[in-house]
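See structure below.
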Amino acid sequence: MASTSKVDISGEDDDELERFDDFTLASSWERFISEIEAVCRQWLADGPNNLLEKGAVKLDFSQKLYKVKMELKYAMKSYNMEYYFETSSGGKIADGNSTLHDLQLCFGVKDFLVIAPQSASGVVLDSPEASKLLSAVAIALTNCSSLWPAFVPVHDPSRKAYIGIQNMGTVFTRRFEADRIGSQVPVRLMHLEGLYELFVSKFAYSTLDFAMHLYKVHFTMTSTYRTIHHDDDDLQSLGIEKEEYGDNHGSETRSRSQWDDDCPWSEWYSAEDPVKGLELTATWSEKTVESSLEMAELENASPHEAEKWMILPFLSPNLDSSEGNRIGFASQLRLLVDALNMSFDAQFMEDFVSVENPGSDNLKSSMIVPPPTVLDRVFKDLFHEGSQVAAFAKGEHKISRAIKGAPFGSLFAQFCLHALWVGTCNIRAIAVLWIEFIREVRWCWEESQPLPKMQANGSIDLSTCLINQKLQMLAICIEKKCEMNEDFQDCVGSNEHTYDHMEEDSPVGDKTTNKQKHGDEFDGIQDSPLTKDGLHGSGTTTTSRRSMKHGDSLSTDLKSSDHNRRGSAGAVGSMQLLKSYKSMHAPFTQDAPLMTEDMHEERLQAVEALGNSFSFSAQLEKDILSSDMSAFKAANPDSVFEDFIRWHSPGDWENDDNKESGASKSPVTKGLKDDWPPHGRLSQRMSEQGNLWRKIWNDTPALPVYEQKPLIDPFREGEKILHYLETLRPHQLLEQMVCTTFRVSADTLNQTNFGGLKQMTTKMEQLYRTMASTLKPLQTNHVSGNSETIEDLRRLCVIFEHIEKLLTLASSLHRTFLQAPRLSETIFTDYYNFYLPRMGTGSPGSLEVDEKEFDVKYQVMARERQCVSNMFTPPTANQSWRKVLSMGNLLNGHEPIVREIIFSVRDSLRNNHYAAHNPRGFQREIETYRMYICGTSNDLRVALSVTSCD
């Protein structure tokens, strides 16, 4: 038995020897540590610059933070180890613009490691596993003499909890821990006093009464405030008020609900405010507090006492959106270009609304026609409200006239702007609008009513589109038509009165005497001396027939020597007639016949067909010349052909010597005839035999301007204009509408007050030049459906949209920071540089850009604080629903949306026995306790770091 048991025992010893552990071989955990160490050594050796070359990734939210990662495996699990590091930016980045990583905020570290499992949650749920991971990383970092802190995410991902450790290079070790309360925060921890006591409790020996103990705690605080933006509910409530007030109070309600009510585009549409709100960060610099009572006082401090203010503007995401869903001039111009593309499908505008048109069914089903109420509103604005002539030059850019369209504020320009917003700006809606427009214009013509928003005098502006020229000429024809009707009525009344008077007092048929008296009365008031420069240079003095007739009937004072003089505008300086030695008088003459662009072209074609000789040119001017000669003869009864040449065409009168003519001698003694007549002669062309001018002179009767036949027949010209408008081809109408609408839309935006930003001034000038070059083919009628020009116009719409967005932002920033112009200029300049790559070449979707949002913070100067503070208007009762849970440090009734606090305690290690062997390295203070607190009334995050001697 004994031997047997011995054998058994010896057998057991042999089994144990066979199963012994060989500690010279590395375990899986040790190999895991070795892998971490190798990766860390490689990262340390590479340094930030080499890591960037090897593909380090920049974090989206930061401007100088990068990361690299490595995949590791241990115990059948995979982990990601990430190294976060910063690069130097040369000190160019402002403090507020360098967004920190969450762990940098919580623990005040710079470069750090994070090791986390490759799982859906990305956190370690098992506490032993988290401790083992952290220990492995800590050992590896110690082996390679690295001071990087290491963190492991733990618990539920929503808690954002971490544990971490950092080797301080000696026996000192810093441990980290962070967690978050995601539910209702205790009232005590909503106030600074309670948070202070929470921090002190981490190192105080007693928790009896923190107010009775003095601890030198370093304290910094940052409070973030956000303006309240009016959401859709507020606008809807204002809309209800508008319905209750009625139409008469609509403008008042609109001024309360729209930010751009006084902007130039507000007449046509309401733009979304690109500045959605403002975030203000007020920072209190580091203070030393010794009791919770001091914290209670700090909670009542105003944000104006903070040492630093930073603002972050919130801009609308639609600003840099390429979806094209923004409502504005650019969006409607796209629709107008589409209408131009469809306008080549018909011969007349009526075809788009006619029931006999084969394609009308498709048009009716796909295109909206404005209802009668909308048409009434449009034409009430065009023809019945504000019909006075607008100042066309006001608001126009200096390059605007390079675009051949109707001027800003004119009738056709207003029609085009209305067409943008009627019936989705489709071709059928434009056709309906145009047909009604022609009816209103014809009504003005037939009823002799002034054409609204059009100048009825002056010359035709040939730099505008042909429709505007026609409308301007029609306005002049209506004016002349009214004058002729009044003259006819005056003549009828005068004849009846004269007939009665002649039957009583005068011999029958004595019409010459009455006619002569009529002209003499006019001379009595008009025959005042005029300067030579005022009349002789131009050769003509024009007036209306109505004013002359009115003037003729007023004056009765008359010299006996001027009984035969009629239609005189006054003596021409000291010039005298060659035969009678009487003073030469300048006559009132008719205006030259007005012609539109197409009339000039017809005239040039006739010149090319018949030859460009002097005689033909004179023949074309015969009516004008004959009218001037008749008026000159009536004003100067004793004149000869040479007198007319001296007055009308001084260049055709040649002096025999270098002496000045009698017209320039001053004074001229009446009756002195030694130097009279002047020694001179007609020019060679006027002396030729059969000269057309002399022939016209001989055949022309002496008639003052008010007795002459008008050079222009307003009735015939008016009907021709209406015929042109009624038979205008659709594509010709749309071409002129496109040119005009681009021009006046840009002129409307150009009136925006954006504070004189140089970038916008330059961009607006570039826009006008681009429009002028792109729209040039439309002015020569060289466009066809689906042509390259249509694509160019669509690209122009994209460019227009970019400029419109920037201009809207500039206007909003200018009015938001009206008392702080530096801020508006700085914000706009940064956003302009941020947005510039998105503008590309103007092709829709042709350029892919980074989707990063604009999130730049700006420091507020002391003089600008009041302007920023005024943006935080006191909240209403509905907006301040958390009044009971106030966190203090209110700004105009607004509590902080986030409050960040850092508590710290520093100890001197000069006399610490653990550091006695190396005193030089520990002459400074280090943070032994640091607590970062970030939260609101419903959220509180706490991060604690503790330095200890291990």
Side-chain angles (χ1 to χ4, degrees), residues 258-276 313-334 336 394-400 402-403 405 408-409 413 416-417 420-421 741-772 774-775 795-818 821 823-842 844 854:
Q258 305 295 340
W259 72 275
D260 58 348
D261 192 61
D262 56 345
C263 291
W265 63 76
S266 62
E267 181 182 356
W268 308 104
Y269 69 95
S270 179
E272 177 189 13
D273 192 351
V275 181
K276 290 298 183 182
F314 293 121
L315 304 182
S316 171
N318 293 330
L319 273 178
D320 54 354
S321 174
S322 59
E323 297 178 358
N325 55 358
R326 182 182 182 273
I327 299 299
F329 282 127
S331 63
Q332 303 307 112
L333 286 170
R334 285 194 190 94
L336 185 61
K394 182 180 179 182
E396 285 191 342
H397 194 273
K398 59 182 180 180
I399 315 178
S400 178
I403 304 171
F408 180 81
C416 292
L417 288 177
L420 283 181
W421 307 97
T741 309
F742 269 103
R743 172 176 171 173
V744 296
S745 297
D747 287 338
T748 301
L749 295 179
N750 190 52
Q751 299 179 64
T752 305
N753 185 6
F754 49 79
L757 295 171
K758 294 181 179 179
Q759 299 94 330
M760 281 314 309
T761 304
T762 303
K763 277 297 177 185
M764 286 301 297
E765 183 170 343
Q766 292 176 356
L767 175 63
Y768 276 103
R769 296 188 185 278
T770 304
M771 289 193 302
T774 306
L775 298 173
R795 283 190 285 268
L796 179 61
C797 292
V798 176
I799 298 174
F800 198 100
E801 182 179 18
H802 290 313
I803 304 299
E804 190 174 12
K805 287 180 179 179
L806 290 175
L807 193 66
T808 306
L809 175 63
S811 175
S812 180
L813 288 174
H814 175 65
R815 65 181 58 235
T816 301
F817 299 98
L818 191 60
L823 284 175
S824 63
E825 294 176 4
T826 304
I827 295 173
F828 181 81
T829 300
D830 289 345
Y831 186 83
Y832 177 83
N833 296 329
F834 167 81
Y835 186 79
L836 204 57
R838 288 161 168 76
M839 298 184 68
T841 60
F854 180 78

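Nothing here was measured: the structure is a model prediction, and the numbers come from that model. Count residues from 1 along the sequence.
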What's the verdict on side-chain hydrogen bond (donor to acceptor under 3.5 Å, both in side chains) for Y768 and D747, showing C-alpha distance, side-chain angles and the deciding distance? CA-CA 9 Å; Y768 276 103; D747 287 338; 2.5 Å; yes
To the nearest 0.5 Å, what is the distance between [atom1] ([X]) and [atom2] ([Y])?
{"X": "L836", "Y": "H802", "atom1": "CG", "atom2": "NE2", "value": "10.0 Å"}
{"X": "I827", "Y": "E825", "atom1": "CD1", "atom2": "CD", "value": "11.0 Å"}
{"X": "I327", "Y": "Q332", "atom1": "CD1", "atom2": "CD", "value": "6.0 Å"}
{"X": "Q759", "Y": "T829", "atom1": "CD", "atom2": "OG1", "value": "4.0 Å"}
{"X": "Y835", "Y": "F854", "atom1": "OH", "atom2": "CZ", "value": "13.5 Å"}
{"X": "T752", "Y": "L807", "atom1": "OG1", "atom2": "CG", "value": "4.0 Å"}

Salt bridge (charged side-chain N to carboxylate O under 4.0 Å, His left out) contacts touching residues 749-765 (sequence neighbours left out): E765-R769
With no hydrogens and no angle check, just 3.5 Å: does a side-chain donor-acceptor pair link S331 and E801? no
In a check of side-chain hydrogen bond (donor to acceptor under 3.5 Å, both in side chains) between R815 and each of D273, D260, D262, which one passes? D262
Taking all non-hydrogen atoms of both residues, which atom of [X] and which atom of [Y] are closest, and how far apart?
{"X": "A746", "Y": "M771", "value": "CB-CE, 3.5 Å"}
{"X": "A330", "Y": "C797", "value": "CB-O, 3.8 Å"}
{"X": "P274", "Y": "W259", "value": "CD-CZ2, 3.9 Å"}
{"X": "L813", "Y": "S824", "value": "O-CB, 3.5 Å"}
{"X": "R743", "Y": "I403", "value": "NH1-O, 2.9 Å"}
{"X": "D261", "Y": "S266", "value": "O-OG, 3.0 Å"}

Are F329 and T748 close enough that some pair of their side-chain heavy atoms sits under 4.5 Å apart? yes
Go through the structure and list residues passing side-chain hydrogen bond (donor to acceptor under 3.5 Å, both in side chains) with [X], not counting sequence neighbours.
{"X": "T761", "result": "none"}
{"X": "E272", "result": "K276, S316, N318"}
{"X": "N833", "result": "none"}

When you measure from the side chain of [X] to the backbone of [Y], do you find a donor-acceptor pair of N or O atoms at a distance under 3.5 Å?
{"X": "T808", "Y": "E804", "result": "yes"}
{"X": "S745", "Y": "F742", "result": "no"}
{"X": "S812", "Y": "L809", "result": "no"}
{"X": "Q751", "Y": "P264", "result": "no"}

Excluding sequence neighbours, so at least two apart, what forms side chain to side chain contact (heavy atoms under 4.5 Å, CB included) with T770? T774, L796, I799
By side chain to side chain contact (heavy atoms under 4.5 Å, CB included) - contacts of L818 (at least two apart): H814
Would you confirm whether the ring centroid of Y269 sits within less than 6.0 angstrom of the ring centroid of W421? yes
Mind checking whether F834 and Y831 have ring centres under 6.0 Å apart? yes
